[in-house]
Amino acid sequence: MDSVLHQSVERFRQEMAQVDEAVHVLLKGHLLIEEALNRILEQYVFHREHLEDARLTFNQKVLIGRSLALRKNNIGEWELIAAINTLRNELAHRLNSPERERKLKRVKELYFREAAGFPAMEEVKAAPDAHVLMNACGHCAGFLLAFEEDSKMFRRMIHGMDRASNPDQPPFDL
């Protein structure tokens with residue numbers, strides 16, 4: 001038993017002694033993307049507490065967000081967001097995943113395709129994985145920010161219609 005405990009403690013020390021910058025960036029980027037998705041979904045509901053109670057997964061939030069995108073439901077950013085989620089899931093559940101490189105390659109392919117033509121893309125392609133992941137997550141966050149602004153405009157339109165139809169009722173939260 002002491003040998004098993006010693007091996008476990010040693011592995012723990014080894015893993016904790018090093019910081020994998022790509023994983024760190026990926027986890028934070030994924031969280032920022034999920035926060036943006038949450039804000040978008042909140043624009044389309046009137047009783048946000050029920051949305052919280054639904055306990056939606058990241059993938060469910062992506063699919064609902066995609067279903068709400070008027071003319072951008074089939075653009076590549078959704079595929080990139082899904083690939084980031086797939087990579088995050090792999091790395092969040094398996095430290096030394098044999099699938100890491102394949103899933104990272106997919107994220108890179110999608111990001112380079114969607115961001116083609118952006119200034120300094122050749123430098124980004126040559127950068128370390130953590131830098132590429134940061135740019136890919138930032139690209140998705142920018143896309144979602146534009147979607148969020150459209151969603152806020154939609155909510156304001158609904159608010160105006162509600163005020164005109166129900167002037168005696170208290171307004172809902174914008």
If I compare all heavy atoms of [X] with all of [Y], which pair ends up nearest, and what's the gap?
X      : Y      : value
Leu56  : Lys61  : O-CE, 3.4 Å
Val124 : Val132 : O-CG2, 3.2 Å
Leu80  : Ala136 : CD2-O, 4.1 Å
Ala22  : Leu133 : O-CD1, 3.7 Å
Arg106 : Ala83  : CG-CB, 4.4 Å
Val107 : Ile84  : CG2-N, 3.8 Å

Are Glu15 and Asn96 close enough, and set up right, to give a side chain to side chain contact (heavy atoms under 4.5 Å, CB included), and what steps lead you there? CA-CA 10 Å; Glu15 291 294 342; Asn96 300 308; 3.3 Å; yes
Using 0.5 Å steps for rounding, measure from the [atom1] atom of [X] to the [atom2] atom of [Y].
X     : Y      : atom1 : atom2 : result
Thr86 : Leu104 : OG1   : CG    : 12.5 Å
Leu32 : Leu37  : CG    : CG    : 11.0 Å
Leu63 : Ile81  : CG    : CD1   : 11.0 Å
Arg48 : Glu52  : CZ    : CD    : 10.0 Å
Glu77 : Lys72  : CD    : NZ    : 8.5 Å
Ile40 : Leu144 : CD1   : CG    : 4.5 Å

Looking only at atom types and distance, does a side-chain atom of [X] sit under 3.5 Å from a main-chain N or O of [Y], one as donor and one as acceptor?
X      : Y      : value
Ser8   : Val4   : no
Arg88  : Leu27  : no
Arg163 : Gln169 : yes

Pairing of [X] and [Y] as salt bridge, 4.0 angstrom limit:
X      : Y      : answer
Glu148 : Arg155 : no
Glu90  : Arg94  : yes
Glu42  : Arg39  : no
Asp129 : Arg100 : no

Can you name the ring-ring contact (aromatic ring centres under 6.0 Å, His included) partners of His24, sequence neighbours left out? none
Minimum side-chain heavy-atom gap [X]-[Y] below 4.5 Å:
X      : Y      : answer
Phe58  : Asn89  : no
Met121 : Lys125 : yes
Leu68  : Ile64  : yes
Ile33  : Cys137 : yes

Counting heavy atoms not belonging to [X], are there more than 12 under 6.0 Å from its [atom1]?
X     : atom1 : value
Tyr44 : OH    : yes
His93 : NE2   : yes
Glu99 : CD    : yes

In terms of ring plane angle, is the pair His139 and Tyr111 parallel, tilted or perpendicular, where the classes change at 30° and 60°? perpendicular
Do the ring planes of Phe143 and Trp78 sit parallel (below 30°), tilted (30 to 60°) or perpendicular (above 60°)? perpendicular
Kindly indicate, with the supporting measurements, whether the criterion side chain to side chain contact (heavy atoms under 4.5 Å, CB included) is fulfilled by His159 and Asp162. CA-CA 5 Å; His159 182 267; Asp162 179 61; 5.6 Å; no
Please lay out, stage by stage, how Asn85 and Val62 fare under the test side chain to side chain contact (heavy atoms under 4.5 Å, CB included). CA-CA 10 Å; Asn85 185 50; Val62 170; over 6 Å; no
Co-membership, hydrophobic cluster, residues Leu41 and Leu31, 4.5 Å side-chain: no
